[in-house]
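Working notes, beginning with the structure itself.
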Amino acid sequence: MIDYEQLLNERQLEAVRHEGGPLLVIAGAGSGKTRTIVFRLARLVEGGVDPERILLLTFTRKASAEMLSRAETLLGSSLRRAVGGTFHSFAFAQLRRLAALGQGPAGLTVIDKADAEDITRMAKEELGLGKGDKSFPKKSTLQEIISKSRNKELELPDLVGREAVHLLPYAEDMGKIAERYQKLKAGNGLLDYDDLLFELEKALTEHQEFRDRLRERFRQIMVDEYQDTNKVQARLVRLLAGEDGEVMAVGDDAQSIYAFRGADVANILGFPKIFPGAKVVRLERNYRSTQPILDVSNAILAEAKEKFDKRLYTERTEGETPRLIRTMSDVSQAGRVLERIRELRRTYPLHEIAVLFRAGYQSYPLELALTKAGLPFRKYGGVRFHEAAHVKDVLAFLRLVRNPGDALAWRRAAAHIKGVGEKTCGKIALESLQGDEKALTKRRRKTPQLDELFSELDAIRGLKDFQAKLSRVIGFYQPIMVQMFPDDYPRRQAGLEELAQIGAAYKDLDDFLADLVLDPEEGESHPEDELVLTTVHSAKGLEFSAVLLIDLVEERFPMKRALDRPDDMEEERRLMYVACTRAKDSLTMFAPECLWNRFKSMSEPARLSPFVRDVPYASLDVYRETIGGGLARESGRTPTIKPLAPPSADPDPGIEPGIQPAASPAIGQGNKDLGMCRHRIFGPGKIVAFLPPNKYQVNFPGFGLKVIIEDYLEML
DNA sequence: GCCTAACGCCTTTTT
DNA sequence: GGCGTTAGGC
């Protein structure tokens, strides 16, 4: 028997033991959310629930696999028959079962973003829209808007009016393209990510026996990261639960960071309304971070427009003061980050150290520096494994093995053949589909390389098991890869080996293809001790002893596009909150003074991120990079700051007023009116930062950054 | 008609 | 470094 009382706090216990009705757990960052789910899983099984009746929906398949395996360890028995995964993978699996019964949507090939974009472009071209119009939205924008309008369930012109006013003149054309896109997909048996959810909803609504069977099977439904579900996902939960199913939703409204994808915080806030009688449990005690780190996190969240009814507290009152390091530029930042990592490495293993950033490309300079320094790292987010060109190529061959009518796959598989382009591929696909052997033979005779490809595909089809197919495809592709990527095929080679590794776990081609598109598994778990580089989004739900945040300047974090959109700014703020709360012991923030502008080939001054400006000056140790490359300490945390008192007997800690050093100015205060100035010797310059009490940092064209005492500057 | 190479443009987050 | 457009070749 598991000693729940010993291992859980009172609130967690309440959630774990709850029975007989809907349950909503509002779990602040680091409050033991995963632990609560894991123990509840164990508790259910211990209490006699058949694992087969449990459905665990999470944000990534990795998360559900980890929770199930932790619960297994706890229980000492298998949970294999429990179903865990993402909404999308669950939907796909159920739709396949339905298809096996001859019902549901026709096709069952799941397409990824790149495929969806290609089909969108075809729709646009077929309709002859936007020809020669340079400002016509491109396929990525079109696809983004089409998907957003479905996710947010807004009519397309409505969505464009709200989120992309500048495209309003194109709204009508985009609507036509969206319609055509849907038809093209349906006609080719393809499902995009959004279709998976809507098709499952349709199936549940239209096929009563199907719905009843699923309801009967999944009596216990648990949904993690509920704040990031969209409207249709919430309806799916309701449809699956039925009247008397037991539903547990877990999430944190303050960590909602997927609104851009249609996530609707209203789902979590409105849960008690949709599931009347729901019990609500709040977890607010943080077990992860030290108080100084929580002070910074709380300060960032405190400025949110939408007020969050929470303030994390911890008993880890002692700890290193978070640092803010102002580097001269984003280029020099990489070096300072590397230094800091070397320092931290003396205390923590590499895999407990993570560098977080807003967007994938921001880590490129650091990746270079790390490679040069020979420091092993693993990157999450940004370009995904299955999106790498060589992986997509291999997958294209496999898709053709299964379905020779897949025009998109033909395009990739024949990319190395000169004289065979998009139109030809479309024809080949059509002829294959219609079984027009005559036309195909003619083509094969005309282009020997095409003939070779056809023979190869036939040979692969003849192989019995999936493993043999996969290794043969990789073998065939090998020389093509060398030919197509002469400069970096060795790196891609490693990717193919990884793909083979991943494939080793599969018996079925369809499963393999769908899984790679739905939630690509990383290769084998890191045998080496590796540093972690990750986007903040991909770091969701994770924790590290030491966290380094880079590029904390306006236009990078928050992103430029969010600056003049209040709602987007709010999401960026929550994202920043998520980033800070990943840290257990050590938090280092980096903010370059200048950013390299690739187009202008020059450095331009950057403003400190407004979120960092909201942090009381005294909550951070501030360092500044000096010309020589060293660091000069600029300010320190005043020792008078008392840690937030942990609530004593109060059963619901709710909002603790905390002790804010109210009088201390925020970092960079006064920056709000940055402007131009003139110096007697350096001439006119742009003020980059105000350095209390009486200095300014100024960027003088031709002279670079200087720190000048106020008295010597003439304000313009 | 179809394909390729060359040129100018702007970079978000993810199932 | 990728996308879309355009010019020019087969």
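Note: hydrogens, waters and symmetry copies are ignored here, and every other heavy atom, side chains too, is used. Quick note on labels: first sequence line is chain A, next is B, and so on, each numbered from 1.
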With the criterion being N/O to N/O and under 3.5 Å, what pairs connect the protein with nucleotides 8-10 of chain C, and how long is each?
none

Open item on the list: With a 4.5 Å cut-off on side-chain heavy atoms, are A:Leu575 and A:Gln255 touching?
Closed with: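 SC-SC contact between A:Gln255 and A:Leu575 ruled out.
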
Could you tell me the separation between the [atom1] atom of [X] and the [atom2] atom of [N], rounded to a whole number of Å?
X	N	atom1	atom2	value
A:Lys113	B:dT15	NZ	P	11 Å
A:Phe136	C:dT5	CZ	P	10 Å
A:Asp567	B:dT12	CG	P	20 Å
A:Lys540	B:dT14	NZ	C1'	10 Å
A:Leu191	B:dT15	CG	P	18 Å
A:Ile257	B:dT15	CD1	C1'	13 Å

Open item on the list: My understanding is that only residues two or more places apart in sequence, or in another chain, count here; which of them pass side chain to side chain contact (heavy atoms under 4.5 Å, CB included) with A:Leu430?
Closed with: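 For A:Leu430, the residues satisfying side chain to side chain contact (heavy atoms under 4.5 Å, CB included) (neighbours in sequence not counted) are A:Gln434.
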
Task: Option passing side chain to side chain contact (heavy atoms under 4.5 Å, CB included) with A:Tyr226 (candidates A:Val265, A:Val250, A:Leu57, A:Asn267) - done: A:Asn267

Task: Qualifying side chain to side chain donor-acceptor pair (under 3.5 Å) pairs with a residue from residues 163-172 of chain A, counting only residues at least two apart or across chains - done: A:Asp133-A:Tyr170, A:Ser135-A:Tyr170, A:Lys148-A:Glu163, A:Lys152-A:Glu163

Open item on the list: Quick check on B:dT12: is either OP1 or OP2 less than 4.0 Å from any side-chain nitrogen or oxygen of A:Thr535?
Closed with: no

- [ ] Look at the side chain of A:Lys379 and the backbone N and O of A:Gly360, then say whether any donor-acceptor pair between them is shorter than 3.5 Å.
- [x] yes

Task: Neighbours of DNA chain C within residues 137-151 of chain A, by heavy-atom distance under 4.0 Å - done: A:Lys138, A:Lys139

TODO: Could you pull out all residues at least two apart from A:Phe59 that satisfy ring-ring contact (aromatic ring centres under 6.0 Å, His included)?
DONE: A:Tyr258

- [ ] Select one nucleotide: of B:dT13, C:dT5, B:dT12, the one nearest the side-chain heavy atoms of A:Arg561.
- [x] B:dT12

Open item on the list: Regarding A:Lys305 and A:Asp567, does a basic nitrogen lie under 4.0 Å from an acidic carboxylate oxygen?
Closed with: no

Open item on the list: Reading DNA chain B from 5' onward, which residue's closest nucleotide shows up sooner: A:Lys560 or A:Phe87?
Closed with: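 Comparing both residues, the 5'-ward one is A:Lys560.
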
Open item on the list: Can you tell me if A:Phe260 is stacked onto the base of B:dT13, using a 5.5 Å centroid cut-off and an angle below 30°?
Closed with: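 Stacked: centres under 5.5 Å apart, planes under 30°.
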
Open item on the list: Treating primed atoms plus P, OP1 and OP2 as sugar-phosphate and everything else as base, which nucleotides of nucleotides 1-7 of chain B get B, S or - for protein heavy atoms under 4.0 Å?
Closed with: -SSS---

TODO: Evaluate whether atom CZ of A:Arg443 has more than 12 neighbouring non-hydrogen atoms of other residues, nucleotides or ligands under 6.0 angstrom away.
DONE: yes

